[in-house]
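We count ligands from 1, going down the list as the structure has it; atoms in each ligand are counted the same way.
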Amino acid sequence: MISVVVPIYNEEVLILQFHEAITNALEETNEDWEVVYVNDGSRDSSLEILRNLQSSDPHVVVVELSRNWGHMGAISAGLQTARGDATVIMDGDFQDPPEVVPELVEAWKAGAEVVVAVRRSRQERRKLLAKLFPLFYRLLGALSDFPIPLDAGIFGLMNRQAVDSINGMRERNRYLPGLRAWVGYSNAVVFYDRQDRAGGDGKLSFMSRIKYAMDAITSFSYKPLRLCFLLASMSTFAAALLAVSTIFSRNPFHTAGFGVAAAIFFVGSMLLLCLGVMGEYLGRVYDEVRGRPLSIINRVYSQSEMLPVQADSNYEEMKPAGGFGVHVA
Ligand code: UDP
Ligand code: MG
């Protein structure tokens with residue numbers, strides 16, 4: 001069976017259209033399939049629309065989260081719930097085109113254990129973002145201690161083992177394209193043209209993107225920390241030069257302390273910068289130590305009995321205190 005995990009946050013205008021498109025795409029594969037829609041605390045009628053879909057279509061599973069947890073929290077909950085031999089992850093706004101899904105499935109059937117969908121081109125109304133994305137991927141590529149495919153987002157397919165490997169990870173600050181590369185297995189690449197959003201507005205805030213970008217860099221690289229050493233040696237060198245030039249200079253401005261002031265500012269800002277870099281890592285260490293789940297599932301709606309896929313994962317932790325509410329409808 002093929003599972004498709006789709007995070008949904010306030011997508012009422014697109015859900016039905018998306019479901020029709022993904023249904024057509026999955027029928028093409030001649031495999032059994034399910035679509036796991038994760039309602040990430042939508043404030044519009046998305047949940048009602050999804051529940052109606054679920055009661056009329058046995059292929060639909062709806063995961064209701066306890067609140068809005070963000071893109072990665074929603075995807076993690078979907079991955080914990082998906083039962084397929086292969087699981088596709090994609091956004092529900094047509095940016096990851098449903099018609100590419102059969103190609104991912106073909107590559108899996110041909111033997112790949114992980115299929116990465118790589119953006120050949122990108123349609124994006126938001127011009128600044130369109131410029132920033134490729135830059136980010138290049139920066140990550142340069143910094144990362146581990147090779148991560150360029151221009152690949154969450155869109156792709158993983159077989160059962162790869163999904164279980166990711167589910168079993170304790171990591172809280174997740175950068176999925178990186179983890180998907182990190183778990184290994186035989187990889188294949190399918191190129192696609194990323195579309196513009198089919199309707200509604202983008203749901204991710206600029207700050208959440210920055211956080212995600214920082215997650216990506218900090219979870220795959222120590223280089224920013226090493227940068228502190230570089231900056232420290234540069235500022236030591238500059239300070240030494242200033243000291244020498246002040247001692248030997250007859251220029252009265254030097255004694256007026258300009259040089260000293262400049263040196264203090266310079267060293268101070270380098271120190272603050274390094275503290276900031278360390279803070280980024282330290283905050284994440286704190287997150288990991290607290291071990292809070294990435295998201296909490298409130299209920300799962302499905303026409304068939306849903307059982308936890310595996311016991312040793314975060315799934316256990318994701319259960320609310322009152323037990324895991326599976327509603328068989
Ligand atoms: N999404 C989500 N929770 C959020 C924000 C977004 O589940 O807090 C979903 C959203 O419904 C969409 C996908 O994640 O299916 C990607 O969001 P969006 O299209 O806004 O991101 P972008 O494509 O702009 O990066
Ligand atoms: Mg989108």
**Request:** Heavy-atom contacts with Arg197 under 4.0 Å: which atoms of ligand 1 show up? List them by number with element.
**Result:** 18 (P), 19 (O), 20 (O)
**Prompt:** Counting heavy atoms only, which of Pro7, Gly92, Ala198 comes nearest to atom 7 (O) of ligand 1?
**Reply:** Pro7
**Prompt:** Checking side chain to side chain contact (heavy atoms under 4.5 Å, CB included) against Val38, which of Ile75, Ile8, Leu65 comes through?
**Reply:** Leu65
**Message:** Whether Glu11 and Lys203 form a salt bridge (side-chain N of Lys/Arg under 4.0 Å from carboxylate O of Asp/Glu) is what I want to check.
**Reply:** yes
**Complete:** Protein-side N, O or S atoms sitting under 2.8 Å from the Mg ion (ligand 2) are Asp93 OD2, Gln95 OE1
**Message:** Whether the Ser45 and Glu12 side chains hold a donor-acceptor pair (N or O, under 3.5 Å, no angle test) is what I'd like checked.
**Reply:** yes
**Prompt:** In chain order, what residues pass the side chain to side chain contact (heavy atoms under 4.5 Å, CB included) check against Pro97, with sequence neighbours excluded?
**Reply:** Glu99, Val100, Phe155, Tyr192, Gln195
**Message:** Below 4.0 Å, non-hydrogen atoms only: which portion of Asn68 touches ligand 1? Side chain, backbone, both or neither.
**Reply:** side chain
**Fill in**
The atoms of ligand 1 lying under 4.0 Å from a heavy atom of Gly202, numbered in the order shown, are 20 (O)
**Request:** Measure Glu11 to ligand 1 on non-hydrogen atoms and call it side chain, backbone, both or neither using the 4.0 Å cut-off.
**Result:** side chain
**Fill in**
Within the 4.0 Å heavy-atom cut-off, what Met72 brings close to ligand 1 is neither
**Message:** Under a 4.0 angstrom heavy-atom cut-off, which atoms of ligand 1 come close to Gln95?
**Reply:** 19 (O), 22 (P), 23 (O)
**Prompt:** For ligand 1, which atoms, with element, lie under 4.0 Å from some heavy atom of Lys203?
**Reply:** 5 (C), 6 (C), 18 (P), 20 (O)
**Message:** Looking only at side-chain N and O atoms, does Tyr37 offer a donor or acceptor that is under 3.5 Å from a partner on His19?
**Reply:** yes
**Fill in**
Nearest heavy atom to atom 24 (O) of ligand 1, choosing from Arg209, Arg194, Met90, belongs to Arg209
**Request:** May I ask you to decide whether Asp85 forms a salt bridge with Arg160, counting only side-chain N to carboxylate O separations under 4.0 Å?
**Result:** no
**Asked** Any N or O on Asp201 sitting closer than 3.5 Å to an N or O of ligand 1?
**Response** no
**Prompt:** Listed by chain and number, what are the salt bridge (charged side-chain N to carboxylate O under 4.0 Å, His left out) partners of Asp93, not counting sequence neighbours?
**Reply:** Arg197
**Asked** Any idea how Tyr175 and Phe220 line up, ring-wise: parallel (<30°), tilted (30 to 60°), or perpendicular (>60°)?
**Response** perpendicular
**Request:** Taking only heavy atoms of Asp93 into account, list the atoms of ligand 1 that are under 4.0 Å away from them.
**Result:** 19 (O), 23 (O)
**Prompt:** How does Leu204 reach ligand 1, if at all, at less than 4.0 Å between non-hydrogen atoms: by side chain, backbone, both, or neither?
**Reply:** both
**Arg194: salt bridge (charged side-chain N to carboxylate O under 4.0 Å, His left out) partners, not counting sequence neighbours** = Asp91, Asp96
**Message:** Which of the numbered atoms in ligand 1 are under 4.0 angstrom from any heavy atom belonging to Ile8?
**Reply:** 7 (O), 11 (O)
